[in-house]
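Numbers for residues simply follow the sequence, beginning at 1.
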Amino acid sequence: MPAVHYPTQYHYAMQPPTPAAQYLDLPSLSPVAGSYGASYIPLPPMSCKPHPVLAPTQHRGGFTFNLTLPIQNLYDPRSRFPAHELAKPATYPALPKLIISFIDMPKWQIHVVPSTGTAHVTVHDVLSALYAQLRIPASDGECARAFADRLVDRASVRDAFYRRVGMMPEPYRLAEQKKGIKRVDFLGSKIRFAGISPKSPRSPDEWVLLVS
């Protein structure tokens, strides 16, 4: 199993145990987590396919991605994942933006835009945006509405939170626990990326996240 990395911004005299994992210290709000506002222009209808790495599980070979861990772990030299694929377009044809929603989850959306100066969204952009925006803390209001509407089970979210925190080396656990429940915890035990699926040819930039 390839090693994973924990953040360099934490400095301790002791070294974290291996396998280590890198958890980025991200802001509470993502710059693209909301709507596009006046700049949003719907794309014309077209049929799109995801890159094989982003396609539903049965078409992705041995690729796995834990949504609680950052994309940096895919660059580990011991990983069998071909890292050059991360720079490929996320969809065919290539698109300038993607909006990814969830099944049986609060009405959150992951907005993905190019991050490398290209005119299209890459595989790297999708996986990075999923990790970053799922690490946004869930507000008390969001939690209350989700539990009241029975979109998710309160115990499942709580267990996912403590399981995620418990997987971290001891020096990092308390700081992470204080940050509270994050959106990724609403996935429960289904934290493996299983692909993205297009919603409709009428809205080629709208996709659904699949997890397992």
Exercise. Under the 3.5 angstrom rule, does the side chain of T91 hit a backbone N or O of P93 as a donor-acceptor pair?
Worked result: yes

For this session: For residues D205 and L95, report the shortest heavy-atom separation together with the two atoms involved.
Result: CA-CD1, 4.3 Å

For this session: Report the residues that fulfil salt bridge (Lys or Arg N to Asp or Glu O under 4.0 Å) with R158, sequence neighbours left out, ordered by chain and then residue number.
Result: none

Problem set entry | Donor-acceptor contact below 3.5 Å, side chain E206 vs main chain L98 | no

Seminar exercise, completed: Hits for side-chain contact (heavy atoms from CB on, under 4.5 Å) against L174, two or more places apart or cross-chain, chain-then-number order -> K178

Exercise. How many angstroms lie between atom CZ of R202 and atom OG of S47, to the nearest 0.5 angstrom?
Worked result: 13.0 Å

Exercise. Is the backbone of M168 close enough, under 3.5 Å, to the side chain of R173 for a donor and an acceptor to pair up by distance?
Worked result: yes

Seminar exercise, completed: Quick note, salt bridge (charged side-chain N to carboxylate O under 4.0 Å, His left out) partners involving residues 82-95, not counting sequence neighbours, are E85-K88

Exercise. How would you list, by chain and number, every residue that makes a side-chain hydrogen bond (donor to acceptor under 3.5 Å, both in side chains) with K199, sequence neighbours excluded?
Worked result: S101

Problem set entry | Sequence-distant partners of S115, side-chain hydrogen bond (donor to acceptor under 3.5 Å, both in side chains), two or more places apart | D125

For this session: With the side chain counted from C-beta on, respond yes when N66 and F193 share a heavy-atom pair under 4.5 Å apart, and no when they do not.
Result: no

For this session: Just jot down the side-chain hydrogen bond (donor to acceptor under 3.5 Å, both in side chains) partners of D185, sequence neighbours excluded, or say none.
Result: R164

For this session: Output all residues satisfying side-chain hydrogen bond (donor to acceptor under 3.5 Å, both in side chains) with R163, sequence neighbours left out; order by chain, then residue number.
Result: none

Problem set entry | Between Q133 and W108: side-chain donor-acceptor atoms closer than 3.5 Å | no

Exercise. Is there side-chain contact between I110 and I99, with at least one heavy-atom pair below 4.5 Å?
Worked result: no

